[in-house]
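Remarks on the structure that follows.
Letters A, B, ... are given to chains in the order of the sequence lines, protein chains preceding strands, and every chain is numbered from 1.
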Amino acid sequence: MFEAEVLSGGFSNPAQDSARAFRACLDAMARPGRIQQIAGAVPPAPLSPAAGAILLTLADATTPIFIAKSHDTEAVRRWIAFHCSAPVVAASDADFAIGTWDALQPVSQFAIGTAEYPDRSATLIVECEDISAPTATLSGPGIETTQTAYLPNLDAFVANSAQFPLGFDCYFTAGNQLSALPRSTKVEAL
Amino acid sequence: MYVATKGGERAIDAAHQWLADERRGDRSVPELSVAQIREQMALAVNRVMAEGSLYDPDLAALAIKQARGDLIEAVFLIRAYRTTLPRFGASVPVETDRMDIIRRISATFKDAPGGQILGPTFDYTHRLLDFKLMADGEAPEALRKEADAVVAPHILQLLDQDGLMEPLTDGDETPPDLTREPLEMPADRPLRLQALARGDEGFVLSMAYSTQRGYGRTHAFVGELRIGTCAVEMEIPELGFAVEIGEIELTECETVNQFTGSKSEPPQFTRGYGLVMGQSERKSISMSLVDRALRWEELGEDNVGAPAQDAEFVLYHCDNIQATGFLEHIKLPHYVDFQSELELIRKLRREAADAQVKEAAE
Amino acid sequence: MTDQAYNFAYLDEATKRMIRRALLKGLAIPGYQVPFASREMPMPYGWGTGGVQVTAACLTPEDTLKVIDQGADDTTNAVSIRKFFERTAQVQTSETTAEATVIQTRHRIPEVALTEGQILVYQVPIPEPLRFLEPRESETRRMHALEEYGLMHVKLYEDIARHGAIATSYAYPVKVEGRYVMDPSPIPKFDNPKLGGNAAIQLFGAGREQRIYALPPYTDVVSLDFEDHPFDPSKADHACDLCGSEVSYLDEVITDDKGSRIFVCSDTSYCTTRQDEGHTGRLSPEGEAA
């Protein structure tokens, strides 16, 4: 049963499924705070289907991953190893990090890029209970006027956007839903 | 009434049909087979393999046939095919001192262990057209004999033992891969060598030549040039050791370069290095000279502003597939841009004329 | 080899992942050029390989693709790229701007306002706006890092001193969100105002130069100018001779050896839609107009 869980749950049509999942990621990153649906992955708990789909779409042997305590189970590790072949590394070396907001602390441990290469930064996949209840008001690129959205914290994202063009970018995932918060978004309390 | 041009699709189809027909040429002349190209146009095949970065003589020959003998077009076909191939892993580095040699010469020593082997070379031929070849002249078979068991260490190793040669250190680092990562500046030597190995032969040759004429002079001697086949081995994790997966023909050149020393390095001989797939002597010598010229910084030499010392200039312009694509794209329609230039020139001329009238009136 | 030997949308999945990661970084840092390991494509560098790779990484089976070159769907290179995706991704194609979900373009932004469901993919020859002022990549990268754009203003100012106006009519540089100076690709400056505040996602791919960059929807994009010489998105002072539009960008067509010329919309989808709706121009057959 354990083996089956590790070997299954990938995309059934990798090229088409990952194309659709990527469009959800693209739309999310292009329109911060707006909730998108993403499907196709059935990873072992506690990894959400949305987080699983993001990893299947973007992670591979060239992208080191940090797995925070909340998600660091044998099943999750083996599922990621089998489906993405991504190496698991320390937080500071990671291209992607996965975990709950609390487990990912302190976020200062993640790469934020350099002045010449701000793209050499980490993307956090923050697993949430629910992302449908807004807690903050967002503005900036991708948002016509303002957008309300759920954020697990405020100060950390205010500080992150103050570093622009440096900073990390986040996906928030719950079930089959995701939303994103790039470093370029300005964040205020609701 | 004016009707905007339509029919791009039909025009393209017709043009491609015409091209295919032209490629075949006069049908009363027998068609070339891929095997004929592979066997009798071997140096063209080698060039296409080297610049296409894919060791496959049959595919290179096919590309030459399809490209009507346009070698850059053939390289392009090979590159576009290569990039779609899945990557199973990396071989262990080939050992060129264990090469099965067909040619090996040194310009720095009259003789060396293993000897000088001229091999199949154009050197010392008289460049006279051989009209016998035009009239179906079958070549007489060369005399054959069993190869001697030759042990031929790299000649520059001998200088190395005296401490006259800059030392080489083995590195365990995985070199960057030009075909999987964007070219990044400043480029280290492994990356530079990769770019040069698949760079355009004509470009690399001219760059090398410019160093000989004084634009970043490197005082090069051919320490050793060797051509032959090398085994390619791959580590299979499940087995725990390397197995031979095939062999490839290589041309390797090491130059010895005079070096009077700098703040950081004592006087010694330094090296330039060239390694190219197939028999590709001109390219490998050129590559060594350019490699050596690009090493000015690590050796603490002066940058005299020579083109061959400028890594960005050399590396960004040596790839003929990038170059030919961009060069030829100016054939594409640019009427939107040209229209905006027309408007601008008209406006500037109008303003200049108005200003003159105003000046005259004053 | 049959087409089945190639993956959906031609590129292999590892390559698509690499491009997709670059696109997401591009959206997160609007206007910043993300390096990516561009692949050789089956068309030459300089002929849209960057755009083709971006489109290939974005397409889903449900998309409707439109490809334009110089505003027109029927230009030879647009036809070639459209056919490539019909063959390798089996997607629907359309010449109507409003029907398309992904539009790959060379040198134009469609006249009709784009909408939220759309992605506009630009083919970019030279992504670095500072390249013709400073040929060295290591230098221009530093200039972007330090936000050191004085050289660009000096160049534009020298234009004004010499010509009385800024002598850049296409690929006119812009500043994105007050941070990065960006090359909008060789679109006429007439199109520059459509870059900012656009509802669509705009993605830029430069294959030969190995760069990807992006503008999320509604991004703040400003064409560089001076207070006393404000940016002027001018176009030919004519109306389209076929549909009568006075607000579209026009191609000038020479019609005989005496230099007679007519002006027609460069955006063929816009022009034919207007003609179908009954709009007429100077050369429309009389009596046919509604």
### Task
Rounded to the nearest 0.5 Å, what's the gap from CG on A:D119 to CD1 on C:I212? Could you check?
11.0 Å
### Query
If you measure from the Lys or Arg side-chain nitrogens to the Asp or Glu carboxylate oxygens, is any gap between A:R34 and C:E116 under 4.0 Å?
yes
### Message
Please check this pair: side chain of C:R141 against backbone of A:E116, looking for a donor-acceptor N/O pair closer than 3.5 Å.
### Response
yes
### Query
Counting only heavy atoms not in C:R136, do more than 12 sit closer than 6.0 Å to its CZ atom?
no
### Message
With a 4.5 angstrom heavy-atom cut-off, is it the side chain or the backbone of A:Y171 that approaches chain C, or both, or neither?
### Response
side chain
### Query
Among A:A115, A:G142, A:G140, A:P32, which residue forms the greatest number of heavy-atom pairs with chain C at distances under 4.5 Å?
A:G142
#### Entry: CA sep, side-chain torsions, deciding dist, call: C:L27, A:D169, side chain to side chain contact (heavy atoms under 4.5 Å, CB included)
CA-CA 10 Å; C:L27 284 170; A:D169 309 305; over 6 Å; no
## Note on the structure
Taken to the nearest 0.5 Å, the spacing of C:T60 OG1 from A:R23 CZ works out to 5.0 Å
### Structural part of C:V102 lying under 4.5 Å from a heavy atom of chain A
side chain
### Query
So, do C:D220 and A:P141 sit near enough that their side-chain heavy atoms are less than 4.5 Å apart?
no
## Note on the structure
Scanning both residues in full, the closest heavy-atom pair of C:E13 with A:P14 reads OE1-O, 3.9 Å
### Query
Where does A:A61 contact chain C at under 4.5 Å (heavy atoms): side chain, backbone, both or neither?
neither
### Residue among A:T62, A:T57, A:T123, A:D95 satisfying side chain to side chain donor-acceptor pair (under 3.5 Å) with C:R21
A:T62
### Query
Can you find a heavy atom in the side chain of C:K16 that is under 4.5 Å from one in the side chain of A:S18?
no
### Task
Answer with side chain, backbone, both or neither: which region of C:A89 has an atom nearer than 4.5 Å to a non-hydrogen atom of chain A?
neither
### Query
What part of A:F96 lies closer than 4.5 angstrom to a heavy atom of chain C: side chain, backbone, both or neither?
side chain
### Query
Where on C:A199 is there a heavy atom nearer than 4.5 Å to chain A: the side chain, the backbone, both, or neither?
backbone
### Summary
Counting heavy-atom pairs under 4.5 Å with chain A, the top scorer among C:L203, C:L11, C:I119 is C:I119
### Task
Check the pair A:F22, C:L23 against side chain to side chain contact (heavy atoms under 4.5 Å, CB included), reporting the backbone distance first and the verdict last.
CA-CA 10 Å; A:F22 171 66; C:L23 286 167; 3.9 Å; yes
### Task
For each of A:G167, A:P182, A:P165, tally heavy-atom pairs with chain C at distances under 4.5 Å, and name the one with the top tally.
A:P165
### Task
With rounding to the nearest 0.5 Å, note down the distance linking CD1 in C:I29 to CZ in A:R183.
3.5 Å
### Spatial distance of atom CD1 (C:I201) from atom CZ (A:R31) [nearest 0.5 Å]
5.0 Å
#### Entry: Heavy-atom closest pair, residues C:R17 and A:A59
CD-O, 3.6 Å
### Query
Could you state the interatomic distance from OH (A:Y117) to OH (C:Y32), rounded to the nearest 0.5 Å?
7.0 Å
### Contact origin within C:N198 toward chain A - heavy atom pairs under 4.5 Å
neither
### Query
In this structure, are over 12 heavy atoms from other groups packed under 6.0 Å from C:E139 atom CD?
yes
### Query
Does a donor on one side chain and an acceptor on the other come within less than 3.5 Å for A:S184 and C:E177?
no
### Query
So which of C:E62, C:H144, C:E147, C:R142 has the biggest tally of heavy-atom pairs under 4.5 Å with chain A?
C:E62
### Task
Decide yes or no for C:Y180 and A:P118: does some side-chain heavy atom of the first lie under 4.5 Å from some side-chain heavy atom of the second?
yes
### Query
Which region of A:L58, side chain (C-beta onward) or backbone (N, CA, C, O), has a non-hydrogen atom less than 4.5 Å from a non-hydrogen atom of chain C, or is it both or neither?
both
### Task
Taking the side chain as every heavy atom from C-beta outward, state whether A:S121 and C:K25 have any pair of such atoms under 4.5 Å apart.
yes
### Query
At their closest point, which heavy atom of C:F8 faces which heavy atom of A:A19, and how far apart are they?
CE2-CB, 4.2 Å
#### Entry: Gap between atom SG of A:C25 and atom CZ of C:R20 - 0.5 Å precision
9.0 Å
